[in-house]
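This report refers to the structure that appears directly beneath it.
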Amino acid sequence: MTRTRISGALRSPLTFSVLAGLLIGALFLLGTGADPFTAYGAVLTGALGGDGIGATLTTSTSVLGLALALAVPLRAGLINLGGDGQLVLGGITAAVTGLYSPLPAPLTVVLALLAGMAAGAGYAVLAALCENHLGVPLLVSSLLLSYPAVSLASYLARYPLKEPGSSLPQTRALPEGVALPAFGDSTVTLGLVLVVLAAAAYWFTDRRTALGYEIRMTGLNSRFSAYAGVERRGLTLKLMSVSGGLAGLVGAIGVLSFPYRFVDGSLTGPGYTWTGLTAALLAGAAPLGTVVAAFFFAVLQVGGLAMERTTEVPRELTQVLQAIVIVFLAARLRFPSRWFHRRSRESEAV
Amino acid sequence: AAKNDASDSASGAGGTSFTLVTPDAVGQNEFLKLAVTGVKEAAKQHDGTQKVYESTDTASQQQNVQAAVDAKPDVIVLVGFEFADIVAQQAQKNPKQQFLIVDACTTKTFENVSCAVFREHEGVYLAGAEAGLLSKSGKVGAVDVLDTPQFRRYSDPFAAGAKQVAAKTETSTRFVGGQSPFDDSARAKEQANTLLAKGYDQIMAAAAAGNYGVFEAAKAKGAFAYGVDVNQCPSAPGTVVDNVVKRTDIAVEKGIEAVLGGTTGTTVSYGLKEGGISLTGLEAGVDSSKCVIADHKDVLTKVKALRDQIVSGELKVDDPAAS
Amino acid sequence: MTPPRAEAGGVAVELRGITKRFPGTLANDAVDLTVRHGEIHALMGENGAGKSTLMSVLYGMERPDAGTVLIDGREVRFASPGDAMAAGLGMVHQSFKLFDSLTVAENVVYAAEPRRFGLVDRAAARSRVRELAEEHGLAVDPDARVGGLPVGLRQRVEILKLLHRGARTLILDEPTAVLTPAEADALFDVLKSLAAQGRTVILVTHKLREVLAGSDRVTVLRDGRVVARLVTADTTADEIAASMTGRAVELDRVHAPGTPGAAVLRVTGLGTASVHDVDLTVHAGEIVGIAGVAGNGQSELVEALAGLRPVTAGQVTLAGENITHASATERRARGLAYVPEDRHAVGTAPAATVADNLAMGHHRTSLSSRGLLPPAAVRAHARRLVERFGIRAASTDVPASALSGGNLQKLLIGRELAHDAPLLLVEQPTRGVDIGAIQNIHDQLIAYRDAGHAVLLVSAELSEIRGLADRVLVMYEGRIAASYTKDEADERTLGLAMAGAPAEATH
Amino acid sequence: MFLDSDLLMSALRALTPILLAALGGALCERAGVFNIGLEGMMLLGCFTSVATSWFTGSPWLGVLAAALAAAAYSLILAVGAVTLRGDAVVLGIAMNLLAVGLTSFLLRTVFGVQGTFDDPSLAGLPLVGGFTPLAYLSWIAVAVAAVLLSRHVWGLRLRGVGEAPDAAATLGVRPAAYQYGVILLSGVLCGLAGAQLALGNVTLFTENMTAGRGWIAVVAVMLGRAAPLGVLFAALLFGLAEAAGFRLQGLGLPQQATDAAPYVVTLGALFLTTARRRRRPSGARS
Ligand SMILES: Nc1ncnc2c1ncn2[C@@H]1O[C@H](COP(=O)(O)OP(=O)(O)OP(=O)(O)O)[C@@H](O)[C@H]1O
Ligand SMILES: Nc1ncnc2c1ncn2[C@@H]1O[C@H](COP(=O)(O)OP(=O)(O)OP(=O)(O)O)[C@@H](O)[C@H]1O
Ligand SMILES: [Mg+2]
Ligand SMILES: [Mg+2]
């Protein structure tokens with residue numbers, strides 16, 4: 001079943017959308033007087049060639065991490081729009097832990113990762129509590145809560161934790177050795193392994209466990225799973241804590257990688273949260289699809305920058321390309337929608 | 001977009017090459033535009049080639065620096081304090097590669113990293129003095145992008161300069177903030193409005209793209225504003241009094257020159273004295289600058305005196321970013 | 001535009017050679033149907049026989065692959081229900097098509113509004129509703145929100161909608177599936193008076209009793225084809241049933257009474273939203289039926305027992321253990337299974353596969369160990385249940401939405417029976433299900449009881465309650481209003497009790 | 001000194017673009033279409049209005065062009081979600097993304113600049129009594145929308161379509177037509193919102209200048225329960241909180257705190273408004 005679904009997903013709508021996107025992109029390129037083959041070639045070699053693959057894998061770490069973070073609740077029909085806040089809190093918490101932990105460096109790294117996850121998880125749970133007990137839809141509570149978290153981290157980086165003398169809003173650098181080991185000379189760190197492990201765990205949970213089954217059924221019809229005893233509030237809390245934990249992990253990985261400090265705005269600047277959410281939405285939160293979509297977007301981001309360096313083509317083109325692919329995919333892709341009770345009821349009452 | 005100078009690259013096949021990496025899109029960012037001018041000028045002078053890699057966020061900054069290092073040009077020029085950590089890392093890994101950072105420096109010194117920094121606060125101080133002299137209400141303020149030490153360089157010395165010439169001046173600073181602080185001109189305009197509503201009539205605008213919003217607000221209330229980096233007077237003639245000009249182009253040119261001449265690993269500071277920082281009003285061509293200050297020669301005379309004091313070291317301006 | 005009113009007895013609606021194909025199914029196969037002015041014409045058939053499809057074609061919701069539609073002798077081609085309405089047709093769908101948040105008046109005039117300056121003339125709408133209600137005996141408050149109305153009244157709103165549009169032919173798809181006998185009788189009174197005014201009624205139904213009592217002629221469909229055209233006065237229930245199923249059916253089978261054992265479910269003084277002070281006991285080997293007009297707290301009671309609704313007062317014990325405040329999961333673990341009323345919105349996830357639907361509830365117990373749920377186990381389980389309960393599905397990997405209503409119900413009941421739980425709560429087990437499937441389901445429930453399990457059955461179908469239950473409770477306004485033994489519970493007694501006036505002494 | 005008329009004016013100025021966009025979102029919501037592409041449509045409106053005003057010299061043509069362009073852009077959502085039955089949330093997010101890329105791209109190709117386009121001779125909207133005519137229009141639009149929705153035939157049918165499209169369809173009302181209508185209308189309103197932002201609040205175009213206002217409009221739709229007056233109050237609340245935040249900065253509060261203030265206030269308001277619903281017993285099965 002899994003296999004047919006993957007091949008089916010790969011075969012029809014995805015391929016169609018990517019091809020359509022490339023075609024429209026090519027028209028754009030011709031319009032600006034550029035050669036589409038050169039430009040697309042530059043994207044591919046820039047992202048997957050020897051010089052670019054490191055950057056692609058580094059970017060994939062963040063994009064995939066956040067895509068997973070947002071896919072986990074999405075599988076049950078819950079949309080977490082607060083990825084930015086959870087990410088940043090994870091990052092700043094890891095920074096604080098790294099700066100003040102009395103433990104030896106390797107243990108501090110572990111502690112910082114755990115602390116970052118805990119902070120992200122805790123904050124996401126807050127949004128879940130708003131939905132469970134205060135009746136504010138998760139979509140809104142997570143989005144609104146995100147802003148104060150970003151402001152708080154920004155405040156901490158600029159005042160209590162700031163690096164003296166620096167013009168940048170950034171914390172002091174973590175002590176020597178408080179860093180995730182990198183592969184050779186590259187910027188790819190152990191963080192990638194952690195995120196890939198998380199993806200594997202998600203796949204396993206989704207396909208092979210009772211909990212994963214409950215999550216899927218909740219996404220398809222929440223009243224059905226509630227009737228059979230799946231406790232919705234508890235599940236929301238669980239999923240949001242995992243979601244926030246993963247976002248926090250990505251933040252912690254960011255801080256424990258070069259430049260080994262929390263720089264205000266650097267975690268949210270590249271827009272990983274949106275890219276991740278889009279990847280998760282496109283894949284209907286299915287584990288493998290999410291991984292594929294996240295990697296695809298990472299390739300586009302890194303390759304787009306490379307294309308801009310080597311050709312005259314502005315990078316916005318890859319952004320446009322990405323959006324067009326999504327539009328095409330979305331138009332052909334049905335997704336179990338639960339964010340609007342009315343809509344779901346109507347579709348269930350066939 | 002990558003700005004390959006085709007004609008230069010043809011002639012300078014074996015010549016020198018320079019790569020400029022910017023922290024943000026160049027766009028209308030006057031400071032970065034000047035850096036591009038500088039590196040192009042340097043390429044022309046040394047019969048070499050140049051490339052510009054524009055970044056948008058920390059991830060792309062790192063990728064661009066990596067790409068620049070991989071291409072091994074003679075000098076990699078980086079503009080902005082964002083690059084301090086990245087350069088420190090890359091300089092260590094690539095001891096043969098020469099780097100020039102403009103507007104910042106690494107904490108440790110490296111043999112292959114040269115730095116050029118500015119003392120903007122000196123120019124801002126002079127602008128503040130103009131504001132203090134011109135203010136009718138006795139209230140001068142500033143609108144900064146964010147509350148960071150770097151941006152405070154555009155507000156604190158402004159207040160100090162005004163108080164220097166008019167001790168009773170009231171001062172206040174607003175920060176644009178929000179979701180998109182560098183682009184949000186509507187927010188910048190509202191921030192300026194809150195100052196104007198309180199009677200502030202001279203406003204230093206260090207709000208990046210938001211400057212245009214600040215100028216609009218000032219213009220609507222008949223108040224005055226001060227621009228940064230280049231002459232911004234033409235975007236709101238009659239409203240913009242003067243500008244704190246930062247000659248990034250000179251810093252880039254001179255920096256490259258020094259590196260090619262074998263002087264590496266040094267830090268050069270540009271201020272009023274070196275001509276790296278100035279006011280439009282103090283430069284030649286002030287009369288055709290469309291700046292309000294052109295009509296206030298008396299003010300300029302007093303400001304020139306202050307400048308001379310700073311240049312001679314007689315007067316010291318506090319640097320908010322140094323604390 | 002309005003065609004001249006044809007004389008009574010003339011042909012109002014004629015379908016000729018209608019064929020409609022869906023991928024993999026021939027839903028209607030050259031169907032001819034003639035309906036005369038002023039008659040009540042019943043259209044019968046098992047689940048999936050093609051009744052709804054035929055009516056969809058007539059009403060312009062589906063295009064036929066072949067065949068013609070004639071109204072008052074003239075050929076018509078409807079592109080949409082709007083066209084059909086303009087030609088004097090009106091349809092009440094099986095699942096009501098109402099706007100819950102709007103008022104009765106707004107629902108009635110929707111898309112045919114009285115206007116003043118482009119604005120909806122609310123006063124006119126209200127008086128129009130009152131007028132129509134008065135004329136046809138369909139009393140309902142024009143200002144009530146439809147969402148808060150009981151089903152009987154909602155159906156009135158549906159009919160008022162058609163009358164407001166001047167429908168001369170009314171199509172009703174299983175209109176009595178959710179009505180109590182009293183409500184159904186009232187509906188037939190209305191339909192008869194409409195027919196007497198010369199209007200035409202086409203009635204789609206599974207219920208023989210109603211057809212015999214209320215219709216003039218009957219057309220029976222089987223597998224998309226017309227298999228019988230009967231005049232009601234000249235036929236019998238057995239004949240109709242036989243032509244529907246293609247075999248002789250034993251109607252109104254009498255099941256042997258159960259042999260009650262120890263108490264399994266004991267409820268004392270239970271209170272929850274709109275339920276007050278309910279006492280009841282269900283013993284092993286016994287079916288206790290709860291009768292009542294919809295909206296008198298039966299659903300809330302069952303939900304509270306299933307753990308889907310907080311209990312605000314009283315106590316519930318299951319096999320001696322107090323489960324008053326236990327969660328749904330804990331209750332299931334202690335031996336409770338539950339067949340909910342709404343199979344589409346609650347009982348299944350139509351978008352999930354048959355296998356996944358069959359796994360629900362078993363996924364934490366028999367199918368998994370230490371939290372792991374092997375896909376192979378899920379599939380094997382599904383194949384077992386499909387076999388055991390005769391669920392007809394192309395494969396266990398197709399979505400449940402591809403099953404017919406009867407088969408979906410079998411899936412649901414099979415899944416819950418497979419828990420082998422000491423207590424089964426079951427609501428409306430045969431709503432909208434055809435005779436063949438009904439018998440199958442009834443047999444399953446009796447077998448379950450005879451295996452020594454306790455069953456609490458809620459049904460609006462009095463014949464079902466009387467056929468299955470060993471004891472009958474009647475709920476009225478959230479309370480148990482009366483309690484009867486199997487023998488005491490005749491239709492009249494129950495009907496009175498359901499209306500709030502228990503006749504004989506109760507215990 | 002705190003609650004003066006300047007504060008109110010400032011709040012009302014911040015309010016106008018959000019209100020226009022949120023009205024569009026509310027209408028879509030009423031028709032059962034969840035529109036989170038407001039930000040993108042607004043941004044496209046910003047660019048179109050500035051470009052048109054620049055080339056024609058008329059801000060009014062700019063407003064018109066913005067409305068038309070954003071409406072055309074909204075067809076992505078209409079075709080994608082209504083006709084092709086795609087997911088509205090994904091489409092909306094894609095539209096927001098596409099608008100950022102597209103406007104930056106056009107800024108480069110049309111004006112040959114990056115970042116900001118600004119020119120003293122760019123004609124902005126005139127001010128009448130301190131507000132642009134679009135601000136007055138937005139208030140009128142609230143009233144008109146309120147009457148349309150509650151009293152007009154169109155509004156009744158629209159509400160029906162949003163609640164039960166199949167029920168509306170059986171009565172000869174085509175849900176898709178109404179959904180297309182409101183999506184296009186939301187495009188027009190977002191186009192106006194963009195024009196107000198780029199030719200009213202300021203007179204220039206900056207990449208990504210909507211800066212999250214479209215998302216605030218989405219929140220206002222929810223907070224205001226998709227009712228025109230509710231949306232007005234929600235947007236006003238946000239505008240007031242933001243304007244007050246600016247003031248608080250003047251009193252020495254850190255910028256980060258004043259940045260967060262409007263969101264915290266909005267969340268608080270959501271708690272309060274949902275508190276009433278929470279206390280009501282749940283509607284059980286529906
Ligand atoms: N839209 C559709 N697509 C595919 N098959 C359909 C569709 N609608 C109906 N069918 C199939 O057509 C056949 C006839 O269905 P129809 O709805 O007419 O039956 P029915 O007599 O109304 O049954 P019931 O008593 O359950 O209401 C069934 O096999 C059904 O599965
Ligand atoms: N798209 C479809 N594909 C296959 N079968 C369909 C489709 N749509 C409807 N059907 C089937 O057509 C039959 C008739 O549909 P109808 O709407 O009358 O529901 P039903 O069977 O009477 O169920 P219920 O009484 O629970 O509403 C059902 O068996 C249903 O499953
Ligand atoms: Mg049917
Ligand atoms: Mg049916």
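This one's a predicted model, so the numbers in the text were calculated from it and none came from an experiment. Labels below follow one simple rule: chain letters A, B, ... track the order of the sequence lines, proteins then strands, and each chain is numbered from 1.
In terms of modelled atom types and a separation under 3.5 Å, the side chain of D:Asp259 and the main chain of B:Gly178 share a donor-acceptor contact.
At a 4.5 Å heavy-atom cutoff, the contact between B:Asn193 and chain D is made by side-chain atoms alone. Neither the backbone nor the side chain of B:Pro181 comes within contact range of chain D; no heavy atom of the residue lies under 4.5 Å from a heavy atom of that chain. With a 4.5 angstrom heavy-atom cutoff, D:Leu204 touches chain B via backbone and side-chain atoms both. If you measure heavy-atom distances from D:Phe111 to chain B, you find no contacts under 4.5 Å at all. Proximity to chain B (any heavy atom under 4.5 Å) is shown, for D:Gln249, by both the backbone and the side chain. In this structure, the portion of B:Glu216 lying under 4.5 Å from any heavy atom of chain D is its side chain and not its backbone. Contact annotation for D:Asp119: neither backbone nor side-chain heavy atoms come within less than 4.5 Å of a heavy atom of chain B.
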Walk me through whether B:Leu146 and D:Gln255 qualify under side-chain contact (heavy atoms from CB on, under 4.5 Å). CA-CA 8 Å; B:Leu146 289 170; D:Gln255 168 225 325; 3.3 Å; yes
With side-chain contact (heavy atoms from CB on, under 4.5 Å) as the test, would you mind laying out the steps for D:Glu242 and B:Arg187 before giving the verdict? CA-CA 10 Å; D:Glu242 189 172 86; B:Arg187 233 179 123 91; 3.1 Å; yes
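Among the candidates B:Ser235, B:Ala188, B:Ala217, B:Ala197, the residue making the largest number of heavy-atom pairs closer than 4.5 Å to chain D is B:Ser235. With chain B as the partner, the residue from D:Glu207, D:Met209, D:Arg13, D:Met9 showing the most heavy-atom pairs under 4.5 Å is D:Arg13. Chosen from D:Leu127, D:Leu107, D:Asn208, the residue pairing most often with chain B at heavy-atom distances under 4.5 Å is D:Asn208. Taking chain D as the reference chain and counting heavy-atom pairs below 4.5 Å, the highest number among B:Ala25, B:Pro237, B:Gly213, B:Ser185 is found for B:Ser185. When each of D:Thr210, D:Leu197, D:Thr203 is checked for heavy-atom pairs under 4.5 Å with chain B, D:Thr203 comes out on top.
What you find for B:Ala209 and D:Thr116 is that their closest heavy atoms are CB-OG1, 3.3 Å. Between B:Ala186 and D:Asn201, the shortest heavy-atom distance links the atoms CB-CB, 4.3 Å.
D:Ser10 OG to B:Gln191 CD: the interatomic distance, rounded to the nearest 0.5 Å, is 8.5 Å. Taking OH from B:Tyr212 and CZ from D:Phe205, the interatomic distance works out to 13.5 Å, rounded to the nearest 0.5 Å. The line from OG1 of D:Thr258 to CZ of B:Phe175 is 9.5 Å long, rounded to the nearest 0.5 Å.
For B:Lys290, the NZ atom is loosely surrounded, since the number of other residues' heavy atoms within 6.0 Å does not exceed 12. Surrounding CZ of D:Phe233 are at most 12 heavy atoms belonging to other residues, nucleotides or ligands under 6.0 Å away.
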